[in-house]
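What follows is a set of notes on a single structure, which appears directly below.
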Amino acid sequence: MKKIIVCVAMAVAIVSCNKTTEAKEFKTAYIDTNKLLEESTEAKDIKAKYESIADEKGGRLKVEVEKLEAEKKAFQSNAQKNGQAWAQQKYGELQQKEQQLQYTQQALAQDIQGKHGVEMDSVVSKYRKLFKQFGKDKGYDYVFGTGEAATVLYAKNQYDITKEIIKMVNDKYKSEGKKEEKSADKKEAAKK
């Protein structure tokens, strides 16, 4: 009986040693996805694009809000002069304008967020394909992601390949931009 227990214990020890050895043979790395999206030129360009759109369209709305504020001030000074019936009618009109401006602001924000989200989802999808190819090319068994949806609770810094990935996606984005610029230049030259 003691021999069986000793044999089982040795078998367990051998199996656990083999698993430990196998685990050390895996080549792993991780990417800080938040940092990638903060430092990726393409993601920065998309963010800047939608900030610019928001500023432009928001500026137009700001003018409308300022007009409404001026109308409210004029209403307050003219309410007693023009009587209660006029004041009630004008107050209703002002409320309606204010509500319409609020709807317009909400619709604008939703539209910009939606379009920004679609473009960023496209970038993330493209990056996932790049990660897969990068992992295959570099011989990684696993490439993990950290960030908001963290899948790594701890890793040594030596396994962090974020900088390498940022360089790769930025270089790829730049080369794609140059291709697009060259094709646009060719089209313009053909028109002339």
Side-chain angles (χ1 to χ4, degrees), residues 31-131 145-153 162-163 165-192:
I31 301 166
D32 184 338
T33 54
N34 285 342
K35 187 174 181 180
L36 171 63
L37 290 176
E38 287 171 7
E39 295 184 21
S40 158
T41 305
E42 186 172 11
K44 286 179 184 177
D45 287 351
I46 291 170
K47 182 179 178 184
K49 172 184 169 181
Y50 285 100
E51 284 175 351
S52 173
I53 290 170
D55 289 346
E56 177 189 328
K57 292 185 178 183
R60 291 184 210 151
L61 277 175
K62 186 177 179 182
V63 169
E64 294 299 319
V65 168
E66 289 171 354
K67 285 181 186 177
L68 180 63
E69 291 300 318
E71 284 185 54
K72 284 181 180 180
K73 285 181 182 177
F75 166 77
Q76 289 172 349
S77 65
N78 291 326
Q80 289 183 347
K81 294 178 190 174
N82 295 327
Q84 186 175 359
W86 177 89
Q88 286 177 339
Q89 180 184 354
K90 189 67 175 175
Y91 182 73
E93 291 172 10
L94 290 174
Q95 280 185 319
Q96 195 173 23
K97 284 183 181 181
E98 184 173 35
Q99 190 175 30
Q100 186 59 42
L101 278 174
Q102 287 174 348
Y103 288 144
T104 303
Q105 286 173 327
Q106 289 172 349
L108 175 64
Q110 287 176 344
D111 182 52
I112 290 172
Q113 287 175 340
K115 289 178 180 176
H116 178 264
V118 166
E119 280 196 55
M120 288 305 295
D121 287 348
S122 175
V123 168
V124 168
S125 178
K126 181 168 62 171
Y127 285 0
R128 283 187 181 143
K129 290 175 186 172
L130 290 171
F131 301 158
T146 63
E148 289 184 30
T151 56
V152 175
L153 299 176
T162 307
K163 288 181 182 176
I165 294 294
I166 290 169
K167 182 181 179 342
M168 181 186 71
V169 297
N170 286 343
D171 290 347
K172 185 167 178 57
Y173 178 65
K174 287 177 188 173
S175 70
E176 288 173 353
K178 290 178 182 175
K179 289 177 189 174
E180 290 174 10
E181 289 173 11
K182 288 179 183 176
S183 66
D185 291 342
K186 287 180 183 178
K187 288 179 183 176
E188 278 189 35
K191 288 179 183 177
K192 293 178 182 178

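Numbering of residues begins at 1 and proceeds along the displayed sequence. Both backbone and side-chain heavy atoms feed into the values below; hydrogens, waters and symmetry mates do not.
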Look at E64 together with K97 and state whether they make a salt bridge at an N to O cut-off of under 4.0 Å. no

Counting heavy atoms not belonging to Q84, are there more than 12 under 6.0 Å from its CD? no

Which residue is it: I46, N170, I166? I am looking for the one with a side chain to side chain contact (heavy atoms under 4.5 Å, CB included) to T41. N170

Might you work through the salt bridge (charged side-chain N to carboxylate O under 4.0 Å, His left out) test for K126 and E176, ending with a clear yes or no? CA-CA 13 Å; K126 181 168 62 171; E176 288 173 353; 3.5 Å; yes

Tell me whether N78 contacts the main-chain N or O of A74 through its side chain, where contact means a donor paired with an acceptor under 3.5 Å. yes

Among side-chain atoms of Y50 and Q113, is any donor-acceptor pair under 3.5 angstrom? no

Do T162 and E39 come close enough that some side-chain heavy atom pair is under 4.5 Å? no

Going by heavy atoms in the side chains, are W86 and F75 under 4.5 Å from each other? yes

Are side-chain heavy atoms of E98 and Q102 found at a separation under 4.5 Å? yes

Between Q105 and V65, does a side-chain contact (heavy atoms from CB on, under 4.5 Å) hold up when you go through it step by step? CA-CA 10 Å; Q105 286 173 327; V65 168; 3.9 Å; yes

Answer whether the closest heavy-atom distance between the side chains of T146 and I31 falls below 4.5 Å. no

Heavy-atom distance under 4.5 Å between the side chains of Q100 and Q96, does that happen here? no

Side chains of L108 and Y103: does their closest heavy-atom pair fall under 4.5 Å? no

Working to the nearest 0.5 angstrom, can you tell me the gap between M120 CE and S125 OG? 12.0 Å

Are the side chains of K35 and K163 in touch, meaning some heavy atoms are under 4.5 Å apart? yes

NE2 (H116) and CG (D111) are apart, to the nearest 0.5 Å, by 13.0 Å

Indicate whether the side chain of Y127 and that of S40 have a donor and an acceptor atom separated by less than 3.5 Å. yes

Before giving the answer on side-chain contact (heavy atoms from CB on, under 4.5 Å), spell out for K49 and E119 the whole-Å C-alpha distance, their side-chain angles and the decisive distance to 0.1 Å. CA-CA 11 Å; K49 172 184 169 181; E119 280 196 55; 2.7 Å; yes

Give the minimum heavy-atom separation between K172 and S175, together with the two atoms involved. O-OG, 2.8 Å

For L94 and K72, which heavy atoms make the closest approach, and how far apart are they? CD1-CA, 4.1 Å

Is the shortest side-chain N to carboxylate O distance from E56 to R60 below 4.0 Å? yes

Do the side chains of K44 and E38 get close enough for a salt bridge, i.e. N-O under 4.0 angstrom? no

Interatomic distance, Q89 atom CD to N82 atom CG [nearest 0.5 angstrom]: 11.0 Å

